[in-house]
Peer 1: 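What follows is a structure written as structure tokens; I'll ask about it next.
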Amino acid sequence: MVSVSEATQIILSNLYQPAATTCPIADAVGKVIAEKVHADRDFPPFDRVTMDGIGVSYYILQKGQREFVVEGIQAAGTPQKKLSDPSKCLEVMTGAITPEGIDVVIPYEEIVIDNGKAKLLINDFEPLQNIHKRGTDVNQGDILIEPGKILSPAEIAVLASVGKPDVKIKTLPRISIISTGDELVEVNEVPALHQIRRSNSYALQAALREMGIHAVLHHVVDEENAIEDALRKILSTSDALILSGGVSKGKFDYVPKALEKSGVKKLFHRVTQRPGKPFWFGVTNEGKSVFALPGNPVSTFMCFYKYIKPWLLRSLDLTPANPTAILASDFSFQPALTYFLQVKLEIENSKLIAYPKVGGGSGDFANLNEVDGFLELPADQNEFTSGEIFPYVGFRGLR
């Protein structure tokens with residue numbers, strides 16, 4: 001067996017190597033960008049009016065003039081006008097280019113306009129008041145977005161502003177999910193007394209979909225040659241496999257042997273943890289990763305969020321979060337294994353507090369509905385005291 005830290009290190013040493021592809025801006029949200037984006041012009045690209053009002057000369061204001069004849073209007077989206085007489089003013093609109101000869105904008109709230117004349121209601125002014133100078137935010141050529149960033153609506157706005165209808169993004173891996181076991185039937189079937197519906201596959205598929213990955217589901221019966229044949233075929237069209245079930249020491253647990261016969265090199269089998277001890281991981285000569293997870297639902301679930309999600313994030317040059325939480329009550333666990341304790345998370349006095357909800361073991365998938373994640377309790381400790389801080393592996397946002 002390997003330790004949790006050893007398993008993590010091995011997995012993160014065998015990352016998926018994404019290529020780059022072009023994506024329309026309309027479909028790019030949530031994707032990971034694979035190129036630098038530069039400003040194609042200054043931001044703002046001109047001296048921009050920031051308030052509706054009138055534009056006047058600061059020099060004339062300093063001379064004491066407080067009433068101005070309105071000689072026209074500068075609307076947003078129209079070419080720059082010029083103040084023909086510095087003793088007069090122009091009405092100006094938010095977003096408009098600042099007219100030539102104007103270096104102070106006074107909002108409508110601070111003036112009265114009557115019979116074509118604007119009278120000021122204030123006496124304090126500053127040069128460039130309510131004018132956003134060209135290039136004060138960004139200069140032409142500046143880097144606006146670095147590679148390896150998830151594109152949110154904010155980045156989409158930047159892409160649009162610099163005239164990029166298409167953007168290079170990192171390709172996501174083609175992932176296939178394979179369930180094994182003759183006891184499993186499809187979701188829409190009525191199981192016999194000795195059968196259960198397939199749930200792990202759909203949980204894994206949903207977890208991947210949250211990351212923007214659309215995984216393909218497969219099911220294989222508990223027959224060694226059938227598993228081996230299916231693995232060879234599915235590997236040829238996938239960048240990574242996630243298997244659920246068939247990795248322990250039972251007489252029908254054919255997956256480890258079938259994987260190695262299919263050209264997957266075992267890097268570890270069994271981890272000093274609970275749940276999920278029988279976890280198997282290997283790679284092909286082409287660098288494809290295979291995660292063979294125990295079939296118990298809680299084991300499958302925990303292994304995905306502890307190992308596979310960080311592997312995916314690291315593969316895309318993203319940094320996984322490493323939160324911690326405070327244990328809310330004393331807890332004991334005797335075996336010398338890293339224990340992933342199911343917990344419900346609460347925020348109390350700006351701190352994350354983890355309340356244990358053990359459930360009925362690794363087969364009790366219903367208990368996952370009551371918790372938010374797992375608190376990682378170290379293998380070299382048996383007694384865990386309220387107030388101690390441990391790593392937290394979450395699968396749900398705070399409710």
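Sequence positions, counted from 1, serve as the residue numbers for this chain.
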Peer 1: Closest approach of Met302 and Pro275, non-hydrogen atoms and distance?
Peer 2: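 Reported closest heavy-atom pair: CE-O, 3.0 Å.
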Peer 1: To the nearest 0.5 Å, how far apart are CD1 in Ile178 and CG in Leu231?
Peer 2: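 Reported to 0.5 Å precision, the distance equals 5.0 Å.
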Peer 1: Applying the 4.5 Å side-chain criterion to the ILVMFWY set and letting contacts propagate, would Leu316 and Tyr305 be lumped into a single cluster?
Peer 2: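 Same cluster: Leu316 reaches Tyr305 through Ile, Leu, Val, Met, Phe, Trp or Tyr contacts under 4.5 Å.
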Peer 1: Apply salt bridge (Lys or Arg N to Asp or Glu O under 4.0 Å) to Arg232 and list each qualifying residue two or more places apart in sequence or on a separate chain.
Peer 2: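 Partners of Arg232 by the salt bridge (Lys or Arg N to Asp or Glu O under 4.0 Å) criterion, ordered by chain and then number, come out as Glu228.
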Peer 1: Among Tyr307, Phe304, Phe268, Phe281, which one satisfies ring-ring contact (aromatic ring centres under 6.0 Å, His included) with Phe291?
Peer 2: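 When Tyr307, Phe304, Phe268, Phe281 are each tested with Phe291, the ring-ring contact (aromatic ring centres under 6.0 Å, His included) holds only for Phe281.
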Peer 1: Where is the tightest heavy-atom contact between Met51 and Val105, given as atom of each residue plus distance?
Peer 2: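 Heavy atoms only, the tightest pair is O-CG1, 3.6 Å.
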Peer 1: Would you give the length of the straight line joining atom NE2 of His218 to atom OG of Ser176, rounded to the nearest 0.5 angstrom?
Peer 2: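 Going from the NE2 atom of His218 to the OG atom of Ser176 covers 3.5 Å.
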Peer 1: Will you find, in the side chains of Ser5 and Gln9, an N or O donor that is under 3.5 Å from an N or O acceptor?
Peer 2: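 The answer is no; no qualifying pair exists.
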Peer 1: With hydrophobic residues grouped by side-chain heavy-atom distances under 4.5 Å, do Phe301 and Ile11 end up in a single group?
Peer 2: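 Both belong to a single hydrophobic cluster.
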Peer 1: Does Glu155 use its side chain to pair, donor to acceptor, with the backbone of Ser152 at less than 3.5 Å?
Peer 2: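 Looks like yes, one N/O pair under 3.5 Å.
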Peer 1: Under a 3.5 Å distance rule, please check whether Glu376 uses its side chain to pair with a backbone N or O of Phe390 as donor and acceptor.
Peer 2: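 Absent.
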Peer 1: Do you know which two heavy atoms are closest between Ile143 and His38, and how far apart they sit?
Peer 2: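 Minimum heavy-atom contact is CG1-CE1, 3.5 Å.
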Peer 1: Are there more than 12 heavy atoms of other residues, nucleotides or ligands under 6.0 Å from atom CD of Gln62?
Peer 2: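 Yes - once you tally the heavy atoms of other residues, nucleotides and ligands closer than 6.0 Å, there are more than 12.
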Peer 1: Report the distance from atom CG of Leu337 to atom NZ of Lys277, rounding to the nearest 0.5 Å.
Peer 2: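 Interatomic distance, Leu337 CG to Lys277 NZ, rounded to 0.5 Å: 5.0 Å.
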Peer 1: Output, in order, the C-alpha distance, side-chain angles, deciding distance and verdict of side chain to side chain contact (heavy atoms under 4.5 Å, CB included) for Thr324 and Tyr392.
Peer 2: CA-CA 5 Å; Thr324 58; Tyr392 173 71; 5.7 Å; no
Peer 1: Okay, side chain of Asp42, backbone of Gln140: is any donor-acceptor separation there less than 3.5 Å?
Peer 2: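 Here the side-chain-to-backbone pair exists.
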Peer 1: Is there a path of hydrophobic side-chain contacts, each under 4.5 Å between heavy atoms of I/L/V/M/F/W/Y residues, joining Tyr202 to Ile308?
Peer 2: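 Looking at the clustering, Tyr202 is in the same group as Ile308.
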Peer 1: Same cluster or not: are Leu352 and Ile389 linked, directly or through other Ile, Leu, Val, Met, Phe, Trp or Tyr residues, by side-chain heavy atoms under 4.5 angstrom apart?
Peer 2: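 No; tracing contacts between hydrophobic side chains, which count when under 4.5 Å, never links both residues.
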Peer 1: Is it the case that the side chain of Gln342 and the backbone of Val358 share a donor-acceptor pair, with hydrogens and angles ignored and the cut-off at 3.5 Å?
Peer 2: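 It does hold such a pair.
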Peer 1: How about Ile213 and Pro173: do any of their side-chain heavy atoms sit closer than 4.5 Å?
Peer 2: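 Yes, side chains in contact.
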Peer 1: Val104 and Pro127: which non-hydrogen atoms are nearest, and at how many Å?
Peer 2: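 Result for this residue pair: CG2-CA, 4.3 Å.
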Peer 1: Between Gln273 (side chain) and Val4 (backbone), is there a donor-acceptor pair under 3.5 Å?
Peer 2: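 No.
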Peer 1: Measure across Asn200 and Gly295 and return the closest heavy-atom pair with its distance rounded to 0.1 Å.
Peer 2: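 Closest pair (atom of Asn200, atom of Gly295, distance): ND2-O, 2.6 Å.
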Peer 1: Can you find a pair of side-chain heavy atoms, one from Glu260 and one from His269, that are under 4.5 Å apart?
Peer 2: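 No - every pair of side-chain heavy atoms lies 4.5 Å or more apart.
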Peer 1: Would you check, one step at a time, whether the test side chain to side chain contact (heavy atoms under 4.5 Å, CB included) holds for Gln74 with Val49?
Peer 2: CA-CA 10 Å; Gln74 176 79 65; Val49 174; 5.9 Å; no
Peer 1: Quick one, Asp47 with Arg134, criterion salt bridge (charged side-chain N to carboxylate O under 4.0 Å, His left out). Give me CA distance, side-chain angles, the key distance, then yes/no.
Peer 2: CA-CA 5 Å; Asp47 292 351; Arg134 173 177 176 170; over 6 Å; no
Peer 1: Is Thr171 reaching over with its side chain to a backbone N or O of Ala19, donor-acceptor style, under 3.5 angstrom?
Peer 2: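 Yes, because the side chain of Thr171 sits within donor-acceptor range (under 3.5 Å) of the backbone of Ala19.
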Peer 1: Would you say that Val69 contacts Asp85 through its side chain, given a criterion of any heavy-atom pair below 4.5 Å between the two side chains?
Peer 2: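 Side chain of Val69 against side chain of Asp85, heavy atoms only: no contact under 4.5 Å found.
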Peer 1: List in chain and number order the residues that pass side chain to side chain donor-acceptor pair (under 3.5 Å) with Arg41, two or more places apart in sequence or in another chain; answer none if no residue qualifies.
Peer 2: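 Testing Arg41 for side chain to side chain donor-acceptor pair (under 3.5 Å), a comparison that skips the adjacent residues, returns none.
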Peer 1: Determine whether a donor-acceptor pair (N or O, by modelled atom type, separation under 3.5 Å) exists between the side chain of Asp27 and the backbone of Pro24.
Peer 2: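 Pair absent, no side-chain N/O of Asp27 close to backbone of Pro24.
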Peer 1: Could you walk me through whether Ser87 and Gln65 pass side chain to side chain contact (heavy atoms under 4.5 Å, CB included), step by step?
Peer 2: CA-CA 8 Å; Ser87 67; Gln65 184 174 327; 3.8 Å; yes
Peer 1: Report the C-alpha distance between Asp137 and His132 in whole Å, list the side-chain angles of each, state the deciding distance to 0.1 Å, and finish with yes or no for side chain to side chain contact (heavy atoms under 4.5 Å, CB included).
Peer 2: CA-CA 9 Å; Asp137 295 340; His132 194 180; 2.9 Å; yes
Peer 1: Quick check: closest heavy atoms across Asp124 and Gln129, and the distance to 0.1 Å?
Peer 2: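 Of all heavy-atom pairs spanning Asp124 and Gln129, the closest is O-OE1, 4.0 Å.
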Peer 1: Kindly indicate whether the side chain of Leu208, heavy atoms from C-beta on, has any atom under 4.5 Å from the side chain of His214.
Peer 2: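 The answer is no, as the side chains (C-beta and beyond) never meet within the 4.5 Å cut-off.
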Peer 1: Is there a donor-acceptor pair under 3.5 Å between the side chain of Thr385 and the backbone N or O of Glu388?
Peer 2: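 No; judged by distance alone, with no hydrogens or angles, the pair does not exist.
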Peer 1: As an exercise, state the distance from OG of Ser3 to CG of Asp380, rounded to the nearest 0.5 Å.
Peer 2: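 So the OG of Ser3 and the CG of Asp380 are separated by 11.0 Å.
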Peer 1: Is the closest side-chain heavy-atom distance between Phe395 and Val371 below 4.5 Å?
Peer 2: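 A side-chain contact under 4.5 Å exists here.
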Peer 1: Within the structure provided, determine whether Tyr59 and Asp103 are in side-chain contact (heavy-atom separation under 4.5 Å).
Peer 2: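 Result no, sub-4.5 Å side-chain heavy-atom pair not found.
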Peer 1: Would you say the side-chain atoms of Thr94 and Asp52 include a donor-acceptor pair closer than 3.5 Å?
Peer 2: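 Side-chain D/A pair, Thr94 to Asp52: present.
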Peer 1: Say you draw a straight line from CG of Leu259 to CH2 of Trp280; how long is it, rounded to the nearest 0.5 Å?
Peer 2: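 Answer rounded to 0.5 Å: 4.5 Å.
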Peer 1: Would you say the side chain of Lys309 lies within less than 4.5 Å of the side chain of Val393, judging by non-hydrogen atoms?
Peer 2: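 Sidechains of Lys309 and Val393: no contact.
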Peer 1: Same cluster or not: Leu327 versus Ile347, using hydrophobic residues (I, L, V, M, F, W, Y) connected whenever any side-chain heavy atoms lie under 4.5 Å apart?
Peer 2: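 Looking at the clustering, Ile347 is in the same group as Leu327.
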Peer 1: Please check if the side chain of Ser386 supplies one atom and the backbone of Ala328 the other of a donor-acceptor pair under 3.5 Å.
Peer 2: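 Side chain of Ser386 to backbone of Ala328: a pair is present.
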Peer 1: Are side-chain heavy atoms of Val264 and Thr284 found at a separation under 4.5 Å?
Peer 2: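 SC-SC contact between Val264 and Thr284 confirmed.
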Peer 1: Spell out, as yes or no, whether a donor-acceptor pair under 3.5 Å connects the side chain of Arg274 to the backbone of Leu341.
Peer 2: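 Between the backbone of Leu341 and the side chain of Arg274 there is no qualifying donor-acceptor contact (under 3.5 Å).
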Peer 1: Once rounded to the nearest 0.5 Å, what's the spacing between atom NZ of Lys81 and atom CD1 of Ile102?
Peer 2: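 Interatomic distance, Lys81 NZ to Ile102 CD1, rounded to 0.5 Å: 10.5 Å.
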